[in-house]
Each structure stands twice: as structure tokens, then as C-alpha cells.
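Since the structure comes first, as C-alpha cells, the remarks are kept for the end.
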Amino acid sequence: MNCETYDVIVAGAGHAGAEAAAAAARLGSKTLLVTQNLDTICQMSCNPAMGGVAKGQIVREIDALGGWSGIVTDRSAIQFRMLNLSKGPAMWSPRAQCDRMLFSLNWRRVLEHIDNLEMWQDEVVDLVVDGGHVAGVRTRMGLEIKARAVVLTSGTFLNGRIFIGTQSWSGGRIGESPAVGLSDSLRAMGFEVARLKTGTPVRVDGRTIDFSALEVQPGDENPRRFSFADTEPLQHQRPCYLAYTNERTHDVLRTGFDRSPMFTGRIQGRGPRYCPSIEDKIERFAGKDHHQLFVEPEGWHSQSFYLNGFSSSLPMEVQIDALHTIAGFEKARIFKPGYAIEYDYFPPTQLRYTLETKQVENLYFAGQINGTTGYEEAACQGLMAGANAALKIQGRDPFVLSRTEAYIGVLIDDLVTKGVDEPYRMFTSRAEYRILLRQDNADVRLTPLGHKVGLVGDDRMSRVGEKLRLTAELTELLSETPVLPSEANAMLESLDTPPIQQRLRLENLLLRPEVSLRDLMTVSPVLADCVASLPATLRDEVAEAAEIGLKYRRYIEKEQDVAGRILKFEGIELPPDLDYFAIHALSYEAREKLTKLRPRTLGQASRISGVSPADVAVLMVLLK
């Protein structure tokens, strides 16, 4: 670290901070990444896994935009599963269990080899602001480092407080100090500050688990990858396991409810709705006599196992006694207890769509500071904040994704437009156009946009072009190549679907739900030869893209039509200085919300809670 002025300073080196620093540096900005501990870069504080329902789509979108989360995940994975394969492709979601220590190490290797990026071990405790513009940071070591833009990615460290039963102390993670002072500084600048809570379960010593009493959950037989780049495929995998609580487990846990920091009111912040603690699940679902737990290894060579679904802040002895009532864990020892952590966040309605704050120019927030939960949600915000910080100081147009383009666009639009009062987690149900926003086409959707901005190199763009060309050729072959009843009927009967009476094109058979492209390859040598001739690195992607494109063509076209109509609203810009209180035809609530949130377009205004269709109609008339 030197004393020169940086273009961008990123405070915090979690998933948001790492992606932010990488993006800003990739765009040519001189970037400094400041973190309390360089040895815990992208530490997987909770479950050492990436992806899952909707989260996997986000990781693939990050990769398609030139981010590193997908590549690092592939390099660190110990198991891969594609979730929801029994459903349509819009629901398919990749997930990888990772080696916790290897993941952090691989991220550090990436960051240390990025041009324009420096790293400094220290803590940002204050901002330097000059005339409403951020001008740098002050650190715990007493340094004042100048910068033209700053990205804050503080995770759970802002005034973090850890809870285990009746015990509590300050901390950002167990064993690590919180970030103190920065929240007060931001509050003094006029920012609204609130509290949220999250938690984590016990870590169990695998040498003391009876795995014969658990259900094995293996990875996919042919594991895929997160990155569209040619990362090494996963050759070996570690299994995960399933376990279950029981009524005795619940009875033991209830003995600690009177000392629960959540139930006694010592924790004020709301926790994640869709990842509740085990005590919260027992309280909310009192009639359920068991809950499923996922027993997941934390590394290739580690004996530490993560008990997914057993998050708790109950007294330590209660956690251990309850653990011993679970089949397979009767003699289990733990490496560390579960705990809850409460921390400061800044309601994200204080942000623009670039993730720049409205109060201070060139200051950006990304990650849990905005009220989200999860590595994936944090990483995509970091990518967008880092990119937009660099673009703004370079005098270039901002980079904003719409809800029709990416899950990332859905997430940021939700945060900025609706705000949060509990940790925000992405689900496929949050996206209106999930048939368009599939994990398989993230590169086709987003790599051209990332390339145009400068986040993605020519090689990745060429790969997308080649994929599109080969997919079009394979689709054309399926649309033109016939198959005879004598060739296809045995296969069709084996799939319990009616035989054909006359020759049909392969495309017509592929439209049947029971028939796959692989099935058609067994009856059409022409198709089999075509697929076999595809480049090995693209073969599976091209075959999948062609199959999905034909099978779901009518659904895709219908959703594209709906999205196109909605985009008309997105293209109608609202004047930034519009006096909503002067428009008396608007409801009073709408005037309040529109004045506070200042939506950029009519589409964004229409999604604000409290703005009715009648209010939108008034704005349309006014704008015309």
C-alpha cells in the first residue's frame, strides 16, 4: 500500500469485497482492498457451499459477467449437485459443497494476480467526505488514504455482537473483532441504520459421528461446473448425509428457551425467514415431530462437519445435549458451538440502482450491509458496485441490469425499490421471468453486456458466439431431420409414449415430455454424429441449449412477449427533480414513497409498495 490517491478503495474482503475489488481493477481503476485479516479473505463463515435454488443462477451470472465466484467454486468444490432436475429447466439450480480453507486460499491467489489491485491489512473506521463527495478513508492504524470512490462491504462486522445463551460479546465472527466506529460515522452523515440477525450451527468432529446411522447424499454422477470457462471438472467427490431431529431433540432444546437470546428479547434484529434457527423452527412448527438436517463436510481433509438446519443460539450445554439425541450423533463432540450474531445494516432504499448511496456521492454499499443474506447475494452486489464505482470515476455510463435480464437485476431492484426488514434471500419465485433467466443461458444473456462494459475478455465473448452458432446449427438439424416409425417406435414404447404412424421430424418427438435429446440420438445416426462432432468443451452446453430452446420455445416466446411489454414502462424515465407532493391526484402514501425513493423509471415506481396502479396511471398521464 502506498500513499497515493486510489481510484477505488474497497473496505472488507468477504464475497462482496473480493468481487468489487476484482471488478474495479479489471476496468482499469487503481484499487485498494482493505481488510482486517488477509488470511480470511472470502471466509465461508456459515455453510461452505455455493449455489442452491436461485443462488446457483446468481453465481453463473457473476461468472458470465467476468466475476470470479464460479471459477473459485469449481477449483474448491468437493461435491456438485444440480438441484430440481425433476422440474423444468427454469428451476434447475447448481450447488457445490466446497473446501472451506481451499476456497479462501483460491480467492487470495486470484486477487494477488489481478493488475491494478493492491491489498492492505487494516480496518476502515471512518470516511473522508468533502462537499458531499467521498474523498477517502481513515483506518484503525491512523492512516488517511485518499480515493475517488469507496465501496463498503462490511458483512456482519458493523457493531457485530455474538450470542450464545446468556453469554454475549462483541464480534464480527466468533474469534474475530467487530468493526466499531464506522456505523456512528455514517449515522452522523444522515444514514438510517438498523439491526439484523443471523446464526450458524455447531461444527461437529466427524471422528465421533456414526455415519452408518445416516442417509448418504452423494453428488451427481456426472458433476457439472459453475464457470462457463474451461475449469477442471470435478473427478472425485465427498458425500454429504441426511439426519433428522426427533421429539426428544425438541424437548431438550425447549429446556433452553428461557435462556434463548432470541426469545428473551436480547436480540432485537430480525433473522432470516427462510433459514431459521432450530429453536425458531420448533416454536413456529410446534406440530412437527422432526426436522431434516444436512450433514456436510467442510473440506477434503477436514474432520469438521457442518450441521445444516441446526443453527442455534441456545446455551452451549443445551446444544450439545440436543445433538446427542440425534441418530448417529449419540457420542458426537463439537469443534465449536452454534451462535447468533446481530449487526448493523443500512436499509437499501438509501441507494441508487448502481448501489451508490444517495447521501454521499461516489460511496457504494454491497453485501450484508444492504440487508441481504448469503455469499451469492453479496458477491453479485460487490461485482455491480465495484464496476459502477470504476465506471463513474471514468465518466462512463452506469451498468444496471433489469429484472428481465438477470437475477442480479431482480435482487438490486428489490433492495432499492422495496427495501428489507429481514435478511433478503433470493428465490426463483422472486423473478417474474424465470423461464428467461435460467442458469444454462446466463452466458448468452450477460456475457455480451459484460464484454461491452469491459468486465469480460474477448476469449469469453468468442466462446459465447461459438456456442450460439453451434446451437443454431443443431436446432436446425433437429427441425429438418426426419425419423421413421420403424426407427423410433421401439424407443418410444420403452418410454411409455405412443408410437408414431408416419415419419416425423426429430423436433416433433422432442416436444414430448418423455423424450430427451439423448433418446433421439439412439435412433438417429445423423443426430448422434452431429452431437459427437461438437467441441468437447461445448458439447453438453450446446446440446442442452438446443433441447431447452425447442422443448420450451412457446413458453419462452410468451414470456419474452410479456417482458417486452413491461419494458415499455422501464423505458419511461421520471424526472429526478419531480415534485410528487405537487401532484395532488397521487395518493398521499404514493407521494411520500416516491419522494423518498426517487425511482428512475415508471416501471420501478410501479413496484414500490404503496404505489397503486391508479398512481402509475396518473404519472403516465403527467409524463405524456
Side-chain angles (χ1 to χ4, degrees), residues 44-49 52 78-79 81 95 97-101 162-165 167 174-175 198-219 237-263 271 275-341:
M44 303 182 103
S45 312
C46 211
N47 189 7
I78 61 176
Q79 188 195 84
R81 293 178 66 215
R95 182 186 188 274
Q97 193 73 18
C98 296
D99 184 307
R100 179 190 299 278
M101 291 183 285
I162 292 171
F163 295 84
I164 303 177
Q167 304 291 316
I174 197 165
T198 190
T200 193
V202 295
R203 303 308 199 273
V204 185
D205 185 342
R207 296 168 297 181
T208 64
I209 299 174
D210 179 8
F211 291 101
S212 66
L214 309 181
E215 297 178 29
V216 179
Q217 190 180 49
Q237 301 186 71
R238 283 198 71 175
C240 296
Y241 303 85
L242 296 177
Y244 298 88
T245 64
N246 52 63
E247 291 182 341
R248 188 174 164 221
T249 311
H250 301 176
D251 289 340
V252 173
L253 289 168
R254 288 189 184 99
T255 66
F257 280 11
D258 61 337
R259 290 166 287 165
S260 163
M262 186 172 63
F263 295 153
C275 188
S277 64
I278 187 64
E279 57 263 35
D280 194 21
K281 284 191 281 189
I282 293 171
E283 183 78 359
R284 286 164 54 186
F285 308 106
K288 193 167 184 180
D289 60 7
H290 71 278
H291 292 282
Q292 188 177 64
L293 307 174
F294 298 89
V295 185
E296 299 167 330
E298 296 205 308
W300 283 115
H301 309 292
S302 174
Q303 290 295 337
S304 180
F305 279 77
Y306 182 94
L307 199 54
N308 195 344
F310 203 72
S311 173
S312 180
S313 60
L314 291 172
M316 193 185 313
E317 64 274 14
V318 175
Q319 294 185 42
I320 295 172
D321 289 345
L323 180 67
H324 288 162
T325 67
I326 301 170
F329 292 85
E330 293 87 352
K331 298 180 180 179
R333 295 193 302 267
I334 66 172
F335 287 123
K336 59 182 178 181
Y339 63 91
I341 181 167

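All heavy atoms count here, side chains included; hydrogens, waters and symmetry mates do not. Since we're looking at a predicted model, the values are computed, not measured.
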For a quick test of your reading: what N or O donor-acceptor pairs under 3.5 Å do the side chains of residues 284-293 make, sequence neighbours left out?
{"unit_1": "R284", "atom_1": "NH1", "unit_2": "D280", "atom_2": "OD2", "d": "3.3"}
{"unit_1": "Q292", "atom_1": "NE2", "unit_2": "Y244", "atom_2": "OH", "d": "3.3"}

| field | Expected output: side-chain D205 to main-chain R333 donor-acceptor under 3.5 Å | value | no
| So, the side chain of Q319 versus the backbone of G338: is there a donor-acceptor pair under 3.5 Å, distance only? | yes
| request: For V216 and P239, work out which heavy atoms get closest and say how close. | output: CG1-CB, 4.0 Å
| query | Under the ring pair (Phe, Tyr, Trp, His ring centres under 6.0 Å) test, which residues partner F305, sequence neighbours left out? | reply | F211
| Smallest separation among heavy atoms of A243 and V295, with atom names | CB-CG2, 4.0 Å
| field | Minimum heavy-atom distance A322-V252, with the two atoms named | value | N-CG1, 3.5 Å
| Close side-chain approach of E279 to L253, heavy-atom, < 4.5 Å | no
| task | Give a yes or no answer on whether the side chain of T249 reaches the backbone of N246 with a donor-acceptor pair at less than 3.5 Å. | result | yes
| request: Answer yes or no: is there a side-chain heavy-atom contact under 4.5 Å between F294 and L242? | output: yes
| note | The reported gap from CG in L323 to OG1 in T245 (rounded to nearest 0.5 angstrom) is 11.5 Å
| said: Is it the case that over 12 heavy atoms from other parts of the model lie below 6.0 angstrom from the CD atom of E330? | reply: yes
| remark: Separation between OG (S302) and CZ (R238), nearest 0.5 Å, reads 7.5 Å
| message | Within this structure, what is the CZ-OG1 distance for the pair F329 and T208, rounded to the nearest 0.5 Å? | response | 8.5 Å
| query | CZ of R81 to CD of Q217: how many Å apart, nearest 0.5 Å? | reply | 4.0 Å
| said: If you define the side chain from C-beta out and look only at heavy atoms, does anything of I282 sit under 4.5 Å from R254? | reply: yes
| said: If I compare all heavy atoms of A332 with all of V204, which pair ends up nearest, and what's the gap? | reply: CB-CG1, 3.9 Å
| Criterion side-chain contact (heavy atoms from CB on, under 4.5 Å) on N47 and Q97, from CA distance to verdict | CA-CA 8 Å; N47 189 7; Q97 193 73 18; 3.3 Å; yes
| remark: Rounding to 0.5 Å, atoms CZ (R259) and CD1 (I164) come to a distance of 13.5 Å
| note | Between P315 and G256, the two heavy atoms sitting closest are CD-O, 4.1 Å
| query | How long is the gap from OG1 on T255 to CD on E317, to the nearest 0.5 Å? | reply | 8.5 Å
| note | In terms of heavy-atom contacts, R203 and C46 come closest through NH2-O, 3.4 Å
| said: Salt bridge or not between D251 and R248? Use side-chain N to carboxylate O under 4.0 Å. | reply: no
| query | Sub-3.5 Å donor-acceptor pair from the side chain of K281 to the main-chain atoms of G309, do we have one? | reply | yes
| request: Evaluate the side-chain proximity of Y306 to P48: yes if any heavy-atom separation is below 4.5 Å, no if none is. | output: yes
| Are the charged groups of R95 and E296 less than 4.0 angstrom apart, N to O? | yes
| Do D258 and F263 pass the side-chain contact (heavy atoms from CB on, under 4.5 Å) test, and can you show the C-alpha distance, the side-chain angles, and the key distance before you say yes or no? | CA-CA 7 Å; D258 61 337; F263 295 153; over 6 Å; no
